Amino acid sequence: MSSASPPATKKSVYEGSTQFKNWRYSPEKLAHVRSTLNQAAVAVIKRTFEAYEPGSSANVLFLTADEEHLLVKHYIATITQLCSLFRFPEEVEATAISYFKRFYLKNTVMDWHPKNVMLTTLFLATKTTNNPISLETYTTHIKSTTASDVLDLEFLVAQSLGFEFSVWHAHRALWGVWLDFQSLPDTAADWPQAHRDAYETALGYVRASRLTDVEFIFTPSQIALAAVSLTLPEESYKWLKSKYPSYNAVETTVNKIKTIIQSLSRPPDVESVREVDRRLRLCKNPEKIVGSKAYLARKAEQEKKAEEKRNRKAVEAGEDDPFGFELGRSTIVDDDDDDDDDDN
Amino acid sequence: MDAVERANVERQKRWVKDQKVGEGTYAVVYRGREASTGRKVAIKKIKVGQFKDGLDMSAVREVKYLRELKHQNVIELLDVFSSKTNLNLVLEFLDSDLEMIIKDRSLVFLPADIKSWMAMTFRGLEFCHRNFVLHRDLKPNNLLIASDGQLKIADFGLARDFADPGYKMTCQVITRWYRPPELLFGCRYYGTAVDIWSVGCIFAELMLRTPYLAGESDMDQLKTIFRALGTPTEQDWPGHTKLPDYITVGQFPKTPLRDLFTAASPDALNLLSKCLIYEPRRRISAKDALHHQYFFAQPHPSYPSKLPKCATQLATAQPLEEVDANVDMESTVAGGKGGPIKARPKRKLNSPYDDSKSRSIARRLDFTQPIPGS
Ligand SMILES: Nc1ncnc2c1ncn2[C@@H]1O[C@H](COP(=O)(O)OP(=O)(O)OP(=O)(O)O)[C@@H](O)[C@H]1O
C-alpha cells in the first residue's frame, strides 16, 4: 500500500523499522542470495570432504538452492504444527516463521539442518514476542529433543537475524484493513457479524502466504490487502478505489501477491522432502556434524587457539604496568576468566 | 568459519573494551571505544550462560526495542555481538543520569532547566509510544544524560509493545514510587498512560528534589498517592473499584498541588496534574503534553548544553560551542508551529540565565524548600 500512497512527509513507523531497512528483497535478489549461499557452501563442503578423504566428494550429489528451499518450506509447515500443539498465539507462529526464513537467507541447510534451527527459532520467538515458556516444558513436549538442541544454535540464530527481533506481520495489518473496510460509506451496521467467516478466510490466506516469499518482497499491508481481495474481491475493489486515487498501481501489486499465494503456498509433498533429506545426510558439512572426524578436528583447533589466548592474557595481566593501571586491568581479567575472546 | 560467525567477529573487532564502570542485575557495563574512531561507548555484557532458558527476557527486550528505536532522546544501541556465552550491547556512552543530578545538592535547578528535561523526556517517550512501545520502568535513574546535556531514555528491559489491544499484561512492572494506581490495583489491560504517570512523578521530583510519592510497600504506595492527590471517587475514576486488586486504604481529601509546589508556575502545575489524572484514559498523552502551554510559555527550556551537570560530568563535557542548540530544541516541542523556541535568536547573546553567577543563587529557595534540612 505504501508504494501507492502519497509521499509521506514524515517517515512512517514501518519505514523506520529494521524490517523495512534490512529485510526487503526483489524476487531476483532473493534468488541470487540463495544461489550464492548454496554455491559457496558446496565449494566449502567439497574442500572439507577432500581434506579428510581425498576423492570423497566426487560422487556426492549436493543440494541445489531450490532443493534447500523445499526443505525450508517443509519445516515452515512443521512450525505451524508445533504452534498448534502448544497453542501459541498467532504472533509467535508468524514471528518464528519469519525468523526461520530469514535465517536461511544467511545460512544454508547443508551447514545447519532445518530441524534444530526450527526448534530454536520457535523458542526464541516465544521470548521475543513476550510469550515465554520454560525450556523444560518446551523440550518435554517435543519428541526426542534436548535442551542443547534448542540452545546450542540460539546465538547463531540471533546473529543471523542481526539481533533484529522485531517483525511486522501481515495478520496485524489484516486487522487494520478489516476495521477500515467497516468505515466505508454505506456499510451495513451488521457488517462485522455478517463477515466473520470472511475474516477467517482472509486470515487463512495470510497464514498460507507464510509459506511463500511475499514477506520479503511486499509490505505487510499489501499482503493483508491481497488476502482480503482473495476473499472479498468486489468490496476490496471498492475500498481500494475510495482510498487510492492511483489504485491501479496498488491493484497490480495486490494481483502479484495473489498469484504467488495461490500458486506457491502449499507445503511440498512428503516424498520429495524425504528424497532431499536423504541426500542431505550425504552432503552435510561434516564440520557441523557433532562427533564426526571433521567436527572433532575443528573443535580441537578452536580449543588450541583459545588456550593460547588465555596464556597470553595471563602473561599480560602479570606484567607490571608502569602507568598504574594494574588494578583496573586485573579486575577485567578476573571478570573475563570465563570468556577469553573478550579482550579484543 | 561461516559468514554469520565471521560477521560477528568483525563486529566484535570494531569495539575495544576498557574499564568496568558499573554492574546491574544482569549485566556488567564497561567503558569502551570504537577502534577506528576512538568514539567513547558503553559495552554492556550480559552473561547468558547462567540462564537455563538461554537468552533472558530482559536482554531480549532491550535488544528488540533498541534495535528499532532511533531517536535523539532514546539511548542508541550501536551494535550487538556475542562472545562465547555472552551477549554484548554497544551503547552510546552516557556519563550520568537524572537521579544523580537530582541528588547533587550543589546544583540549583532553574524552572527552565526542569522544562528542558521534561521536554526531552516527553519527546523520547512520544517516539516510543508512536512506535507502539511501552517503557514500563521510567524513573530518574533510567533517564541518562549525555555529555552535551541531551537526556536519553534507557533500560528497555521491561518494555513491551502494545499493538495488540485487549491483551493481558503483567501489572508487576514499574518501580514502586513511579507506578500508577491502576497497576497497584492489579489492572491487566493498560496502555501508554502508565508511562505518563511515571513521568508525572519524575516531573514532581525535579521540582521537589526528593521522590514525590515514596511509598514503603505496594499498599503504602496507594496510601501515599491518595494522601497526596486525594482518594479517587467513582466520578474521578469510573470503575476503579472493580479492578482485580482493589482495596480501600482510607479516605483522604484532595489538596491543591499548589500547597506543595509553591514555586511552580500555573502551567507547570496544570501539566503535572494532567500526568497524574487517576483515570488512565483521561491522562494526557506524550504527544499532547508536548503541545502543552507549559512548553511554550516563558521561560523557554534551557539548552541541553547549559543544563546543570554533576561534577564528574563537567570534566568530560564537550565545549558548549560544539553543540548546535538551535537544532536541539526545535525538533518536536514546537510541533511544527514554528513556535517561540525556534524563532528565538541564539540564546548565548541575550539569555539572562547564561551567567553562571545568577544560576548559583537564582530561586534557590523556591526549589529546595520541601527538602528537610536544606
Ligand atoms: N550507556 C551507559 N553509559 C555509561 N555508563 C553506563 C551506561 N549504561 C550503564 N552504565 C553504568 O553501568 C551501571 C549498570 O547499568 P545497568 O543498566 O546494567 O543496570 P542498572 O540500570 O543500574 O540496574 P538494573 O540492572 O538493576 O536495572 C549503571 O549504573 C551505570 O553506572
Side-chain angles (χ1 to χ4, degrees), chain A residues 13 16-19 37 40-41 44 89-91 103 106-108 111-112 120 123-124 127-130 132-136 138 147 150-152 154-166 168-169 172 175 285 288 298 306 325 328-329 331-332 335-336 338-344, chain B residues 2-5 7-9 11-20 23 28 30 35 43 45 47-49 51-57 59-61 63-71 77 79-89 127 130-133 159-161 163-164 167 169-170:
Chain A
V13 173
S17 69
T18 52
Q19 175 162 335
L37 269 174
V44 169
E90 192 84 34
E91 192 70 11
F103 180 89
K106 305 283 172 188
N107 300 280
T108 104
D111 279 347
W112 309 107
T120 307
F123 187 65
L124 184 60
K127 292 192 273 187
T128 60
T129 59
N130 214 17
I133 67 169
S134 80
L135 185 59
E136 201 188 335
Y138 186 68
V150 181
L151 289 191
D152 284 357
E154 195 174 41
F155 261 170
L156 181 74
V157 168
Q159 283 167 7
S160 301
L161 300 173
F163 296 95
E164 290 160 2
F165 296 144
S166 182
W168 290 67
H169 294 300
R172 277 195 184 285
W175 185 238
N285 187 343
K288 304 278 158 73
R298 185 165 181 252
F325 285 125
R329 240 199 180 167
T331 30
I332 294 178
D335 193 74
D336 277 2
D338 56 333
D339 60 55
D340 38 88
D341 42 6
D342 262 13
D343 57 342
N344 53 81
Chain B
D2 302 359
V4 169
E5 282 175 48
N8 184 60
V9 171
R11 288 181 151 177
Q12 191 171 344
K13 279 194 191 137
R14 267 184 69 191
W15 311 103
V16 183
K17 222 176 251 178
D18 291 326
Q19 210 168 343
K20 181 168 160 177
E23 194 153 358
V28 182
Y30 299 86
I43 301 178
K45 186 175 93 177
K47 299 210 171 190
V48 175
F51 302 109
K52 65 173 178 29
D53 293 331
L55 280 174
D56 93 313
M57 288 296 291
V60 161
R61 291 192 190 108
V63 171
K64 176 179 175 185
Y65 296 113
L66 288 183
R67 263 292 190 217
E68 304 295 317
L69 299 171
K70 301 286 175 222
H71 186 273
L77 176 63
D79 207 349
V80 187
F81 62 86
S82 52
S83 54
K84 279 220 172 151
T85 60
N86 299 319
L87 184 65
N88 295 269
L89 313 190
F127 184 74
R130 185 156 23 110
N131 280 272
F132 308 105
V133 177
R160 68 157 294 158
D161 40 41
D164 208 352
Y167 196 84
M169 300 186 266
T170 174

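Here the structure is a predicted model, which means the values were calculated and not measured.
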**Fill in**
To the nearest 0.5 Å, atom CD of B:E5 lies from atom OG of A:S160 at 9.0 Å
**Message:** My understanding is that only residues two or more places apart in sequence, or in another chain, count here; which of them pass side-chain contact (heavy atoms from CB on, under 4.5 Å) with B:A59?
**Reply:** B:Y26, B:I46, B:D56, B:L87
**Prompt:** Is it the side chain or the backbone of A:L156 that comes within 4.5 Å of chain B heavy atoms, both, or neither?
**Reply:** both
**Asked** Quick one: are A:L151 and B:K52 in side-chain contact, heavy atoms under 4.5 Å?
**Response** no
**Asked** Does any N or O in the side chain of B:D53 come within less than 3.5 Å of the main-chain N or O of A:S134, such that one atom is a donor and the other an acceptor?
**Response** no
**Asked** Side chain, backbone, both or neither: which part of A:F163 has a heavy atom under 4.5 Å from chain B?
**Response** both
**Prompt:** About how many Å separate OG1 of A:T18 and CZ of B:R67, when rounded to the nearest 0.5 Å?
**Reply:** 8.0 Å
**Message:** Counting only non-hydrogen atoms closer than 4.5 Å, does A:D111 touch chain B with its backbone (N, CA, C, O), its side chain (CB onward), both, or neither?
**Reply:** side chain
**Request:** Report yes or no: does A:K127 contribute a side-chain atom to a donor-acceptor pair with the main-chain N or O of B:L55 at less than 3.5 Å?
**Result:** yes
**Under 4.5 Å from any heavy atom of chain A - which part of B:N8** = side chain
**Item:** Which portion of A:F123 sits near chain B, non-hydrogen atoms under 4.5 angstrom
**Value:** side chain
**Prompt:** Are side-chain heavy atoms of B:E68 and A:V13 found at a separation under 4.5 Å?
**Reply:** no
**Prompt:** Do B:K64 side-chain atoms and A:F165 backbone N/O form a donor-acceptor pair below 3.5 Å?
**Reply:** no
